[in-house]
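Heavy atoms only: backbone and side chains are in, while hydrogens, waters and symmetry mates are out.
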Amino acid sequence: MTITSKTKEIKEQHQGIATLLAFALLPLSGFATDIYIPSLPTMAGEMQVSSIQVQLTLSIFLISYGISQLFIGSVLDSFGRYKVCLVSLLIFAAASFVIAVTHNIYLIYVMRVIHGLTVGAIVVAKRAYFVDLFTGDKLKHYLSLFSIIWSTGPIVAPFVGGYLQTALGWESNFYFLAGFALVFAILELIYSGETLVHFTEFRLRKIVDIYVNMIKTASFTLGIVMLGLAYCMVMVYNMTGPFIIEHHLQLTPVVAGYSSLVLGFAWMVGGFIGKATINKPFFRRLVINVAMQLVFVILMIISLQFITNLYSLIFFAFIIHVGAGYTFNNYFTFCLGKFPKNAGIAGGLTGGITYVIVSFLSYGIVNVVPAKDERNLSYSYLIMILLSIIVMFVIFKMNQKEEKNKSLS
């Protein structure tokens with residue numbers, strides 16, 4: 001059942017600006033996590049809490065962001081993209097302002113839950129914007145830019161955050177996020193509008209049935225685990241890197257910001273390599289990739305006997321993050337390809353579960369292997385790479401069994 005809704009529509013002369021606004025909001029999830037990464041040690045010191053307590057603000061965001069993606073697509077189909085996005089921007093701005101003015105870690109936790117839920121609504125709404133308005137080659141062109149544009153968040157945000165931290169303190173990161181959201185809310189109000197023509201009745205049972213069938217597909221679920229392990233490598237560095245650089249190596253938040261920028265670029269490089277090798281045999285290229293990661297993490301551990309400085313840290317982390325970006329690019333395509341008729345729901349489920357896995361796994365790893373030095377970071381990488389090898393082997397065996405059953409039938 002569908003119903004038509006009369007609401008503010010985008011004026012033809014404003015569509016170009018509205019499209020730019022949609023692209024500009026796609027990296028918001030990266031900004032919301034990475035901009036205050038260089039400030040983590042300072043936040044822990046000024047609020048007199050442990051590094052683990054401050055790192056939990058990242059995990060809480062990722063959990064709520066992941067959960068938001070699981071259901072928000074259906075909400076947007078029922079209630080529209082424009083109003084949900086606009087209200088989410090305003091709530092996000094208010095939550096950012098509250099974090100900036102409080103020094104209560106528990107209130108910050110609550111605001112980070114709100115951050116995750118609202119960012120999920122904003123990002124998914126803007127993805128839907130392109131599907132609503134464009135078709136054919138133009139839509140394919142825009143969709144191909146998504147991962148590249150999303151990567152700008154983790155690349156630019158720590159760089160900006162490092163300077164804000166040095167000049168104005170950790171609170172300035174959240175004032176920046178609040179101002180960013182308010183500016184875009186105003187621009188949305190002026191230039192954007194509703195792109196959904198037919199509003200669908202919200203039917204929870206049907207949605208749940210689709211989710212259950214997808215989760216029951218073992219290779220799909222394990223593929224999501226691979227995505228989680230790949231992005232967890234980046235998140236573990238984000239949670240521990242600033243403490244290693246600022247406390248162990250005695251360098252500044254600006255240096256921590258530049259380091260995160262370089263490693264954000266590594267993730268993007270891995271994605272580009274993944275796109276360039278997309279026609280090569282799937283498991284063969286991924287075996288080579290994970291083997292290279294294993295070799296370099298072993299070299300990283302061995303090298304610590306002879307040298308330990310910022311350059312060695314970033315060199316080995318860069319190679320490992322390129323591999324992680326490559327894995328993520330390939331398995332995201334793998335997971336979405338499992339359900340071509342329900343690509344939208346599969347994308348939301350894939351993204352949602354991935355972020356939930358990343359939040360729990362990254363927080364668990366930094367608890368077991370604390371943010372102490374480069375050695376502990378190398379052990380964290382080793383744990384995730386070994387888990388990746390095990391999961392990938394299981395997926396390979398399952399795919400072999402599926403292909404054998406298809407040939408027999």
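- In this structure the side chain of Leu251 reaches within 4.5 angstrom of the side chain of Leu310, judged on heavy atoms.
- Under the 3.5 Å distance criterion, the side-chain polar atoms of Asp373 are matched with a main-chain donor or acceptor of Asn376.
- One distance of note links CD1 of Ile122 with CZ of Arg81; it measures 15.0 Å at 0.5 Å rounding.
- Each of Phe318, Phe328, Phe272 was evaluated against Trp267; a single residue qualifies, Phe328, per the ring-ring contact (aromatic ring centres under 6.0 Å, His included) test.
- Surrounding OH of Tyr109 are more than 12 heavy atoms belonging to other residues, nucleotides or ligands, all under 6.0 Å away.
- Summarising the geometry of Pro253 relative to Pro38, their closest heavy-atom pair is O-CB, 3.5 Å, with the distance given to 0.1 Å.
- Looking at Ser64 and Arg112, their side chains never come closer than 4.5 Å, going by heavy atoms from C-beta outward.
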Under 3.5 Å donor-acceptor pairs involving side-chain atoms of residues 27-35, not counting sequence neighbours:
unit_1 : atom_1 : unit_2 : atom_2 : d
Ser29  : OG     : Trp150 : NE1    : 3.1
Thr33  : OG1    : Ser29  : O      : 3.3
Thr33  : OG1    : Gly30  : O      : 3.1

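- Smallest separation of non-hydrogen atoms from Arg375 and Leu304: CA-CD1, 3.3 Å.
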(request) Mind running side chain to side chain donor-acceptor pair (under 3.5 Å) on Glu171 and His103 for me, showing each step along the way? (result) CA-CA 9 Å; Glu171 297 90 347; His103 283 66; 3.1 Å; yes
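- Defined by atom type and a distance below 3.5 Å, a donor-acceptor pair is missing between the side-chain atoms of Tyr331 and Tyr326.
- Within the 3.5 Å criterion, the main-chain N or O of Ser50 finds a donor-acceptor partner in the side chain of Gln53.
- Remark: the backbone N or O of Ile215 is paired with a side-chain donor or acceptor of Thr221 at under 3.5 angstrom.
- Atom CD1 in Ile224 sits 12.5 Å away from atom CG in Leu229 (nearest 0.5 Å).
- Two residues are said to be in side-chain contact when any heavy atoms from C-beta on lie closer than 4.5 Å; Ile307 and Asn309 meet this criterion.
- Remark: His115 pairs with Phe92 by the ring-ring contact (aromatic ring centres under 6.0 Å, His included) rule, at least two apart or across chains.
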(message) What verdict does the side-chain contact (heavy atoms from CB on, under 4.5 Å) test give for Leu89 and Thr118, after you've listed the backbone C-alpha separation in whole Å, the side-chain angles of each residue and the deciding distance to 0.1 Å?
(response) CA-CA 7 Å; Leu89 280 167; Thr118 52; over 6 Å; no
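- Between Phe97 and Phe174, the ring center distance fails the sub-6.0 Å criterion.
- Counted by atom type alone, His248 and Glu374 present zero donor-acceptor pairs between their side chains at under 3.5 Å.
- Counting heavy atoms from C-beta outward, Leu164 and Tyr175 have side chains that stay 4.5 Å or more apart.
- Under 4.0 Å is where a charged nitrogen must lie from a carboxylate oxygen, and between Glu188 and Lys126 at least one such pair does.
- Side-chain contact of Tyr237 with Ser380: a donor-acceptor pair under 3.5 Å is absent, judged by distance alone.
- Nearest heavy-atom pair, Asn238 versus Leu40, reported as atom, atom and distance to 0.1 Å: O-CD1, 3.7 Å.
- Considering CD1 of Ile63 and CD1 of Ile357, their distance stands at 12.0 Å, rounded to 0.5 Å.
- Considering only heavy atoms from C-beta on, Tyr36 comes within 4.5 Å of Leu58 through its side chain.
- With a 4.5 Å cut-off on side-chain heavy atoms, Tyr363 and Met235 do not count as touching.
- Taking the side chain as every heavy atom from C-beta outward, Met233 and Ser388 approach each other to under 4.5 Å.
- Annotation for Ser39 and Asn173: closest pair OG-ND2, 2.7 Å, computed over non-hydrogen atoms.
- Taking both residues in full, the closest heavy atoms of Val358 and Cys232 are given as CG2-N, 4.0 Å, listed atom of the first, atom of the second, then distance.
- A side-chain contact (heavy atoms from CB on, under 4.5 Å) with Ile383 is found for exactly one of Ile385, Leu387, Leu386, namely Leu387.
- Within the 4.5 Å cutoff, the side chain of Ser303 has no heavy atoms near those of the Leu299 side chain.
- In this structure, Thr166 contributes its side chain and Tyr163 its backbone to no donor-acceptor pair below 3.5 Å.
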(request) Carefully, step by step, assess Ile108 and Met111 under the rule side-chain contact (heavy atoms from CB on, under 4.5 Å). (result) CA-CA 5 Å; Ile108 292 175; Met111 294 301 105; 5.6 Å; no
(request) Mind running side-chain contact (heavy atoms from CB on, under 4.5 Å) on Leu313 and Ile245 for me, showing each step along the way? (result) CA-CA 9 Å; Leu313 169 66; Ile245 291 171; 4.2 Å; yes
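- Thr102 places no side-chain N or O within 3.5 Å of a backbone atom of Val98 that could act as its donor or acceptor partner.
- A distance of 7.5 Å separates CD1 of Ile244 from CG of Leu249, quoted to the nearest 0.5 Å.
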(request) Let me see the working for Leu90 and Leu182 under side-chain contact (heavy atoms from CB on, under 4.5 Å), right down to the final yes or no. (result) CA-CA 6 Å; Leu90 294 173; Leu182 284 175; 4.1 Å; yes
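- Note that CG of Leu227 is 11.0 Å distant from CG of Leu222, once rounded to the nearest 0.5 Å.
- Note on ring orientation: taking the six-membered ring where Trp is involved, the planes of Phe61 and Tyr65 are parallel (angle under 30°, cut-offs 30° and 60°).
- With no hydrogens or angles considered, a side-chain donor-acceptor pair links Gln165 and Thr42 at under 3.5 Å.
- No donor-acceptor pair closer than 3.5 Å links the side chain of Ser96 to the backbone N or O of Leu177.
- Taking all atoms of both residues into account, the shortest heavy-atom contact from Ala121 to Ser68 is N-OG, 3.6 Å.
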Hey, can you pull the donor-acceptor pairs under 3.5 Å for the side chains in residues 283-298, sequence neighbours left out?
unit_1 : atom_1 : unit_2 : atom_2 : d
Arg285 : NE     : Asn330 : OD1    : 2.7
Arg285 : NH1    : Lys280 : O      : 2.2
Arg285 : NH2    : Asn330 : OD1    : 2.6
Asn289 : ND2    : Gly323 : O      : 3.1
Asn289 : ND2    : Thr327 : OG1    : 2.8
Gln293 : NE2    : Ile320 : O      : 3.0

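- Between Phe315 and Tyr311, the gap from one ring centroid to the other reaches at least 6.0 Å.
- Annotation: the span from Thr57 atom OG1 to Met43 atom CE amounts to 5.5 Å, rounded to 0.5 Å.
- Between the side chain of Gln250 and the backbone N or O of His247, at least one donor-acceptor pair lies under 3.5 Å.
- Between His321 and Tyr381, the ring center distance clears the sub-6.0 Å criterion.
- Looking at Ser359, its side chain never comes within 3.5 Å of a backbone N or O of Leu62 through a donor-acceptor pair.
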